[in-house]
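Here's the structure we're looking at; comments come further down.
Please read all numbers here as calculations on a predicted model, not as lab measurements.
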Amino acid sequence: MIPSVQSFEFPWSLLLAVSFLLAAGLLHRLARGTKTVMALRSALTSRILLGIGAVLLAVEGTFSVSIHCSAFFAAYVLLLLLSLALVILDTAAKHGRLGGILSHLGFFIILWAAFFGAPDVRRCRMMIRQSETTSIAYTDKSVLVPLPFSIRLDRFDTDYYDTAPQSPKQFRSVLSVDGERMVTAVNSPCDIDGYTVFQDGYDSLGGDYSILLLVRDPWLPVVFFGMAVLAAGAVLLLFGKWNLKVTLPLTAVLTVSFTLLSVYRINFLTLMPALRSWWFLPHLCLYMIAYSLMAVAVAIGLAGTFRLRLPDSLAHGIENGLMRSSSALLVLGMLTGSVWARQAWGDYWTWDPKENWAAVTWLVSLIHIHIPRHHHRWRLAILLLAFLALQVTWYGVNYLPSASDSLHTYGTSYQIPSN
């Protein structure tokens, strides 16, 4: 949580959030013609802010430094939100494309709710033994949290793979909450009086206790609404104008190749419980298609730059369409992953190294989209930078200093995270 906003809990958080919206609206209405407002909503400012965000996330994703907890990051998010708000209001006033408006609006709602709602989020854990009853949890800083209900662990169950008796297939806790029976399992949390209870871990040696994660996030519905709006905008912007005869076969081959290489390191015979979700397939496929489209865009961009059998204007037109489609699929992949992460680990964004680098790839692709078409060299440079970020996201993150902190470094075996 950002220290500068930590003390602004409800109702102050809501008051600040609404005040920000009113201030942005008044600024657009009363000062839209000033140089400051025009600069804030310009494409240049958008590129600069996206670039700053990409750099900050790249540093955090590489070295596991908590930049997102700093006051500087808080100021950056506020400036990004203000720029987004002005762009949305200006685009809507000019009756711009619906896909663009929804994409900007969805991104804004997610950031706005996550930022101003952060002080109201409560995350605590409970280590509970069988037949034990408690109404006390604890935070990561060992601060005791009294709960408005009591939990009793009636039974803890673990399912193992027949082919690997030591590898858990699923684990769950059967609870009694104020006398009512409830069950929480990996990827299947339960809701109790404003809290969502996740199966976080267990005593893997003796099976003596279960670890529960309890999360209260009253702003979550707003975040999910923003995700739905952003997804709708991405779908509307999905298909650009690109030559199907050239790109479709290449995309299909690359998608299959990327998918096979991506799942090569995952042992499906002993798939960890967190990966046993129906979100796995759409999340993976969306990313693999996005990666393939970007790879084809790089090839065509280079071909157009060196005029290898493709007219310059045709190459740049196809490249632009491919990157728009890739960017839309990248954000859809992130959104499905966020919903999945919420079900599995209790948070839609954990600042995990792979998550950060996925966001870097998307932000750099957005910079490419915001560069005018006649700046061919800049567009190619940013395209190559996005493709480089993609490589780090795809497999390079396993070799970064932050790899040991990632939930996404899957191998042939795994450990239950104790958190």
Side-chain angles (χ1 to χ4, degrees), residues 57 61 99 102-111 113-114 185-189 196 198 215 217 219-239 251 254-256 258-263 265-266 268 271-295 323-366 386 389-390 392-395 397 406-410:
L57 289 172
L102 291 179
S103 295
H104 286 88
L105 180 61
F107 189 26
F108 174 84
I109 293 173
I110 294 170
L111 286 179
V186 179
N187 280 317
S188 183
T196 303
F198 301 85
V215 181
D217 186 355
W219 292 72
L220 185 64
V222 183
V223 173
F224 278 166
F225 174 72
M227 289 183 181
V229 174
L230 179 55
V235 170
L236 291 176
L237 296 177
L238 183 57
F239 299 104
T251 301
L254 288 173
T255 298
V256 173
F258 286 167
T259 303
L260 292 176
L261 289 172
S262 182
V263 303
R265 296 182 65 254
I266 300 176
F268 285 89
L271 200 63
M272 63 186 298
L275 291 180
R276 294 176 56 84
S277 169
W278 73 275
W279 288 105
F280 181 90
L281 186 59
H283 175 68
L284 179 65
C285 289
L286 286 167
Y287 266 126
M288 291 304 102
I289 298 172
Y291 290 177
S292 303
L293 289 171
M294 188 180 295
M323 281 302 294
R324 284 183 176 274
S325 299
S326 177
S327 181
L329 288 169
L330 285 174
V331 74
L332 290 173
M334 278 198 297
L335 292 176
T336 55
S338 295
V339 176
W340 181 8
R342 167 68 185 181
Q343 289 187 349
W345 295 304
D347 203 346
Y348 52 85
W349 192 263
T350 62
W351 303 99
D352 183 88
K354 199 174 188 74
E355 292 176 354
N356 286 338
W357 272 100
V360 170
T361 306
W362 179 55
L363 292 176
V364 177
S365 74
L366 291 180
L390 182 154
V392 178
T393 304
W394 184 29
Y395 63 88
V397 71
S406 178
L407 294 169
H408 292 80
T409 50
Y410 309 122

[X] (side chain) donor-acceptor with [Y] (main chain) under 3.5 angstrom:
X	Y	answer
S365	W362	yes
S325	L238	yes
S327	R324	no

Separation between [atom1] of [X] and [atom2] of [Y], rounded to the nearest 0.5 Å:
X	Y	atom1	atom2	answer
L220	D347	CG	CG	9.0 Å
T361	L390	OG1	CG	5.5 Å
M334	L230	CE	CG	8.0 Å
F224	Y348	CZ	OH	8.5 Å
Y287	L329	OH	CG	10.5 Å
L335	H283	CG	NE2	11.0 Å

If you look at every heavy atom in [X] and [Y], which pair is closest and at what distance?
X	Y	value
V360	A389	CG1-CB, 4.0 Å
A295	L254	CB-CD1, 3.8 Å
G233	L102	CA-CB, 3.7 Å
I110	G226	CG1-C, 3.7 Å
S103	L237	OG-CD1, 3.4 Å
A234	V331	CB-CG1, 3.5 Å

Do [X] and [Y] make a side-chain contact, defined as non-hydrogen atoms from C-beta onward lying under 4.5 Å apart?
X	Y	value
T393	V397	no
L57	W351	yes
W394	L261	yes
Y291	T255	no

For side-chain contact (heavy atoms from CB on, under 4.5 Å), just list the numbers for F198 and Q343, CA-CA rounded to whole Å, side-chain angles, deciding distance to a tenth of an Å, and then say yes or no. CA-CA 8 Å; F198 301 85; Q343 289 187 349; 5.6 Å; no
Should W357 and D352 be marked as a side-chain contact (heavy atoms from CB on, under 4.5 Å) after you check the CA-CA gap, both sets of side-chain angles, and the distance that decides it? CA-CA 9 Å; W357 272 100; D352 183 88; over 6 Å; no
Any chance you could lay out the side-chain contact (heavy atoms from CB on, under 4.5 Å) test for W340 and T336, step after step, and finish with the verdict? CA-CA 6 Å; W340 181 8; T336 55; over 6 Å; no
Stepwise side-chain contact (heavy atoms from CB on, under 4.5 Å) test for E355 and T350: CA-CA 8 Å; E355 292 176 354; T350 62; 3.0 Å; yes
